[in-house]
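One structure below.
Here the structure is a predicted model, which means the values were calculated and not measured. Just the heavy atoms: all of them, side chains too, but no hydrogens, waters or symmetry mates, feed the values below.
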Amino acid sequence: NLGCPYGAKRGTLEVQIPDAVAAGVEVVPNCRITRVTDGGAEGVIAPAQAGSRPGRHEPGEVRFRARVVVVAAGTLGSSALLLRSRLEGLSSACGKYVTLHPALTSFGRMPGPVRGYEGFPKLYYTDAFSESHGYYVETAFYFPFVTAKSLPGFGPDLKRFMRAYGNLACALTLVHDDAEERNRIRLVVGRAVLDYRLSEASKQAIV
């Protein structure tokens with residue numbers, strides 16, 4: 001959500017996907033995989049949305065055969081897909097022990113201009129408190145919208161904070177939450193639901 005002022009932080013669409021296509025990989029757009037099977041995957045191809053180009057496959061149900069299937073849909077999506085697939089031999093740990101790095105954003109209003117919106121937003125961090133307090137701290141400055149949603153207050157109070165936008169300094173405290181079995185992803189009527197509670201150690205780290 002920040003982008004890069006120098007255009008150097010290039011994403012998957014600009015780097016990996018063009019390289020993969022050049023190497024012979026076929027990209028299937030608008031496709032949602034619903035189940036991994038022993039020899040491939042099953043899914044549904046939706047019609048192309050307005051402004052996008054359709055792939056070569058017709059919309060509808062689709063099956064793929066593959067010697068190897070790589071599941072890379074993030075913590076929530078990967079766990080839900082594997083649980084939904086009910087593969088034989090799937091680990092009982094699947095979907096459990098979720099860690100989220102709970103974070104606290106802190107702002108300081110400085111007497112002079114900081115202009116944190118210029119240059120790189122996250123230049124420094126310290127892990128000096130990782131072992132003793134269970135967190136690390138990094139500098140973090142965000143564009144106006146992300147800053148506004150992280151600040152306290154509404155209406156006039158929020159406007160007062162945002163008028164000092166150029167004088168704000170920001171730090172992010174990221175907690176090393178432990179992997180606990182109770183923090184898990186489960187399926188409710190086929191949809192992924194995340195159950196997550198902060199441990200006492202994480203609460204103390206945030207405090």
Side-chain angles (χ1 to χ4, degrees), residues 1-19 49-52 72-80 95-180 182-186 191-207:
N1 65 342
L2 295 175
C4 175
Y6 299 96
K9 189 175 181 179
R10 302 173 66 202
T12 304
L13 284 172
E14 299 167 292
V15 182
Q16 286 85 3
I17 287 181
D19 286 351
Q49 295 185 11
S52 66
T75 300
L76 187 67
S78 296
S79 299
K96 299 176 182 176
Y97 306 100
V98 173
T99 59
L100 297 179
H101 248 344
L104 176 71
T105 306
S106 304
F107 290 91
R109 185 163 53 192
M110 302 300 165
V114 176
R115 301 176 69 88
Y117 46 84
E118 293 181 345
F120 294 99
K122 296 184 178 183
L123 278 180
Y124 300 99
Y125 85 97
T126 176
D127 59 3
F129 307 101
S130 286
E131 304 250 343
S132 58
H133 291 74
Y135 64 79
Y136 73 89
V137 181
E138 66 180 18
T139 59
F141 197 87
Y142 300 111
F143 294 154
F145 174 78
V146 185
T147 299
K149 79 176 181 66
S150 301
L151 285 168
F154 296 91
D157 289 338
L158 182 57
K159 285 182 179 180
R160 191 176 77 255
F161 279 121
M162 287 303 292
R163 285 193 193 101
Y165 179 72
N167 287 39
L168 293 180
C170 178
L172 198 61
T173 304
L174 290 115
V175 174
H176 305 304
D177 51 336
D178 293 324
E180 298 181 85
R182 70 179 182 183
N183 292 334
R184 64 192 182 103
I185 293 156
R186 57 191 175 89
R191 295 183 64 86
V193 173
L194 172 65
D195 293 329
Y196 183 92
R197 278 185 296 155
L198 283 171
S199 68
E200 287 304 314
S202 290
K203 290 178 186 177
Q204 287 302 314
I206 290 175
V207 170

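A pairwise comparison of heavy atoms in G134 and A205 identifies O-CB, 4.1 Å as the closest pair. Here the closest heavy-atom approach between residue N167 and residue P113 is recorded as OD1-CA, 3.6 Å. Between G153 and L158, the shortest heavy-atom distance links the atoms O-CB, 3.8 Å. Between K203 and L198, the shortest heavy-atom contact is CE-O, 3.7 Å. Nearest approach of A164 to R109, heavy atoms of both residues: CB-CD, 3.4 Å.
The shortest distance between side-chain heavy atoms of Q16 and D19 does not fall below 4.5 Å. For the pair V98 and I185, the minimum side-chain heavy-atom distance is below 4.5 Å. A heavy-atom distance below 4.5 Å is not found between the side chains of N183 and Y97. Looking at heavy atoms from C-beta onward, C170 lies out of side-chain contact with K122 at the 4.5 angstrom threshold. Between L194 and L100 the shortest side-chain heavy-atom distance falls below 4.5 Å.
Taking CG of L168 as the reference point, atom CE of M162 lies at 7.5 Å (rounded to 0.5 Å). Going from atom CD of E180 over to atom NZ of K96 covers 13.5 Å, rounded to the nearest 0.5 Å. Separating the CZ atom in R160 from the CG atom in L151 is a distance of 11.0 Å, to the nearest 0.5 Å. If you take CD on E131 and NE2 on H176, they are separated by 8.5 Å, rounding to the nearest 0.5 Å.
Neither side chain, S150 nor T147, offers a donor N or O lying under 3.5 Å from an acceptor on the other.
Within the 3.5 Å criterion, the main-chain N or O of A201 finds no donor-acceptor partner in the side chain of Q204. Between the side chain of H101 and the backbone N or O of L174 there is no donor-acceptor pair closer than 3.5 Å. No donor-acceptor distance shorter than 3.5 angstrom exists from the side chain of D177 to the backbone of T99, with no hydrogens or angles considered. T126 places no side-chain N or O within donor-acceptor distance of the main-chain N or O of V137, the cut-off being under 3.5 Å. The main-chain N or O of P152 is never found under 3.5 Å from a side-chain atom of D157 such that the two would form a donor-acceptor pair.
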### Query
What's the verdict on ring-ring contact (aromatic ring centres under 6.0 Å, His included) for Y165 and F141, showing C-alpha distance, side-chain angles and the deciding distance?
CA-CA 10 Å; Y165 179 72; F141 197 87; 5.3 Å; yes
### Task
Take S199 and R182 through the side-chain contact (heavy atoms from CB on, under 4.5 Å) test and state the conclusion after the steps.
CA-CA 10 Å; S199 68; R182 70 179 182 183; 4.0 Å; yes
#### Entry: side-chain contact (heavy atoms from CB on, under 4.5 Å) evaluation trace for Y142 with L172
CA-CA 11 Å; Y142 300 111; L172 198 61; 3.7 Å; yes
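When the shell of 6.0 Å around CD of Q49 is examined, it contains 12 or fewer heavy atoms from other residues, nucleotides or ligands. Within 6.0 Å of OH on Y196 lie more than 12 heavy atoms contributed by other residues, nucleotides or ligands.
In this pair, Y125 and Y136 present their aromatic rings perpendicular. The plane angle is above 60°, beyond the 30 to 60° band.
A salt bridge links R186 to D195: at least one charged side-chain nitrogen sits closer than 4.0 Å to a carboxylate oxygen.
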